[in-house]
Amino acid sequence: MKKEMLAMILAGGQGSRLGVFTKRIAKPAVSFGGKYRIIDFVLSNCSNSGIDTVGVLTQYKPQILNSHIGMGDHWDLDRVNGGVTILQPYMNEKEGHWFNGTANAIKKNMDFIDDYDPEYVLILSGDHIYKMDYSKMLEFHKEKGAKATIAVIEVPWDEASRFGIMNTNEDGSIYEFEEKPKEPKSNLASMGIYIFDWKTLRAYFKRADETGECLDDFGHNVIPTMLEEGQSMFAYPFKGYWRDVGTIQSLWEANMDLINDPESVDLNDPQWRIYTNTNDVPPQYIGPNASVKKSLIADGCRVYGTVRNTVLSHKVQIGEGSVVEDSVIMPNVKIGENVVIKKAMIAEGAVIEDNAIIKDENDEISVVSEFELVKA
């Protein structure tokens, strides 16, 4: 069945900057906000935007991510015509097995896209936290008569050199793209969200096949090439909350935002729900001597100690006399009695024995690995 637009989610990143949190799983599958995984946000955006055909491109350690997505029913993406499809690398006689970049991953799945003969293709990253109505971006793309539209967000000027920067004319048309410029001309940072006319993008990929031209990456190859050749490209301004959770610091900060600035990403908005593959666990239990303040507590938790300004994922246990502050505790962590945890991120399945102290003297984020045993 022909689709006007389908989405392709790039979810194969290793996420090496997240260290212990991506040793076993892909970055989009990392736990976030107590009950979610990072990829839930982009999948929910697709569902809420009325996009019913989604390809998820996986590569690095995809087992847990694949299992989490399943048939897509939790996001209303279990469709006969369309729905969600997991697209893993496969042997290609010309280019080998693995995806060699963001654009190369799309290029290797041209047959999947062609099956739906779309007018437009929406390219998304699977590891960002934000809420966006992609249908409004598509309307903008059509109104401008663009061949490509790139979502941008204003970043602080002193941070602009960390991003891919779009330099635009007054009408929003892009005349230059600079990758991490030392002296940026604007503070419009690319969000890694693109809408392309499929016929145009497909023609570039076909040309690359014929000429051997490298078009493996959108930021380094495709976008600069299209600009050089005078294609109509526009920047779509986004004003809401958006965070790339690619580092331990940014992942911790994004979790803290849910507590300290809950309106930034409103998880209680009935008009824009964030869906997930819900765990079948019992309700949380708060013990008679427990104290819980300004925290997110997922189902299955058993809390007997003190919790402040903290995110507890499902099935976390905290013993009597323990104090957990300013921390992110991932699923199935067992914290004993009289433990002190301050500004930490504890990975799934860790065990913190009685009387242990996890606190950095320099107020840096302390990290505990998956299934690690921390003794007093």
Side-chain angles (χ1 to χ4, degrees), residues 5-18 26-28 30 32 38-46 49 51 54-60 87 99-107 109 120-134 136-138 140-141 146-155 159-168 174 176-181 184 186-196 201 215-227 233-247 250-251 254 265:
M5 182 169 75
L6 59 77
M8 300 289 278
I9 301 175
L10 300 167
Q14 182 175 350
S16 57
R17 291 181 299 164
L18 284 176
K27 182 165 61 168
V30 171
F32 179 80
I38 294 171
I39 199 170
D40 290 338
F41 287 79
V42 67
L43 285 172
S44 297
N45 286 340
C46 288
S49 299
I51 298 172
V54 179
V56 181
L57 289 78
T58 63
Q59 181 158 277
Y60 174 79
L87 300 168
F99 299 144
N100 297 320
T102 54
N104 180 258
I106 303 300
K107 179 174 175 287
N109 285 282
Y120 313 99
V121 62
L122 171 66
I123 314 296
L124 303 166
S125 174
D127 51 15
H128 297 160
I129 303 298
Y130 67 107
K131 296 161 83 172
M132 179 191 282
D133 188 343
Y134 302 131
K136 293 182 179 179
M137 184 175 173
L138 178 59
F140 176 92
H141 179 85
K147 296 300 182 182
T149 297
I150 300 167
V152 296
I153 189 168
E154 291 187 6
V155 297
E159 296 182 17
S161 59
R162 295 174 44 227
F163 296 90
I165 296 297
M166 299 293 164
N167 298 322
T168 63
I174 301 167
E176 185 181 31
F177 171 70
E178 295 182 289
E179 182 67 36
K180 299 182 180 179
S186 85
N187 64 337
L188 296 178
S190 169
M191 299 169 65
I193 300 170
Y194 316 117
I195 292 178
F196 289 94
L201 182 59
L215 290 178
D216 286 347
D217 188 82
F218 284 112
H220 288 100
N221 308 125
V222 176
I223 293 171
T225 298
M226 291 181 70
L227 283 172
M233 305 178 73
F234 279 80
Y236 175 74
F238 178 70
K239 301 295 185 183
Y241 180 95
W242 175 83
R243 189 182 283 273
D244 180 348
V245 287
T247 66
S250 63
L251 182 61
V265 183

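Computed from a predicted structure; not experimentally measured. Heavy atoms only: backbone and side chains are in, while hydrogens, waters and symmetry mates are out.
For the pair Val121/Leu6, a side-chain contact is recorded, criterion being any heavy-atom separation below 4.5 Å from C-beta on. Side-chain contact check for Phe234 versus Thr168: every heavy-atom pair is 4.5 Å or farther apart. Under the 4.5 Å side-chain criterion, counting only non-hydrogen atoms from C-beta, Val30 is in contact with Leu251. At a threshold of 4.5 Å between non-hydrogen side-chain atoms, the residues Leu201 and Val222 count as touching. Side-chain contact check for Val265 versus Lys131: some heavy-atom pair is nearer than 4.5 Å.
The shortest heavy-atom contact between Leu57 and Gly55 is CD1-O, 3.8 Å. Contact detail for Asn187 and Ala160: the closest heavy-atom pair is CA-CB, 4.4 Å. Counting all heavy atoms, side chain and backbone alike, Asp127 lies closest to Ile38 at CA-CG2, 3.5 Å. Summarising the geometry of Ile39 relative to Ala11, their closest heavy-atom pair is CD1-CB, 4.1 Å, with the distance given to 0.1 Å. The two residues Ile106 and Met8 make their nearest non-hydrogen contact at CD1-CB, 3.6 Å. Contact between Leu124 and Ala7 at its shortest, heavy atoms only, is CD1-CB, 4.1 Å.
Between Tyr120 and Tyr134, the gap from one ring centroid to the other reaches at least 6.0 Å.
At distances below 3.5 Å, not a single donor-acceptor pair connects side-chain atoms of Asn167 with backbone N or O atoms of Glu178. With hydrogens and angles ignored, the 3.5 Å screen pairs no side-chain donor or acceptor of Ser186 with any backbone N or O of Ile165. Listed for the Thr149 side chain is no donor-acceptor partner under 3.5 Å among the backbone atoms of Tyr236. Side-chain N or O atoms of Ser250 include one that pairs as donor or acceptor with a backbone N or O of Asp244 at under 3.5 Å.
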What's the verdict on side-chain contact (heavy atoms from CB on, under 4.5 Å) for Tyr130 and Ile193, showing C-alpha distance, side-chain angles and the deciding distance?
CA-CA 12 Å; Tyr130 67 107; Ile193 300 170; 3.5 Å; yes

Yes or no on side-chain contact (heavy atoms from CB on, under 4.5 Å) for Leu188 and Glu154, after CA distance, side-chain angles and deciding distance?
CA-CA 5 Å; Leu188 296 178; Glu154 291 187 6; 3.7 Å; yes

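In this structure, the separation between OH on Tyr194 and CE on Met233 is 9.0 Å, given to the nearest 0.5 Å. For the atom pair CG (Leu122) and CE (Met5), the distance works out to 4.5 Å, reported to the nearest 0.5 Å. To the nearest 0.5 Å, atoms CG (Asn45) and CE (Met132) are separated by 8.0 Å. Between the OH atom of Tyr241 and the CZ atom of Phe41 there is a distance of 9.0 Å, given to the nearest 0.5 Å. Phe218 contributes atom CZ, which lies 12.0 Å from atom OG of Ser125 (distance to the nearest 0.5 angstrom). The distance from atom CD1 of Ile195 to atom NZ of Lys147, rounded to the nearest 0.5 Å, is 14.0 Å.
Between Phe163 and Trp242, the two ring planes are tilted [angle within 30° to 60°].
Applying the side chain to side chain contact (heavy atoms under 4.5 Å, CB included) test to Thr225 and every residue at least two apart in sequence or in another chain returns Tyr204, Arg207, Glu213, Leu215, Glu229.
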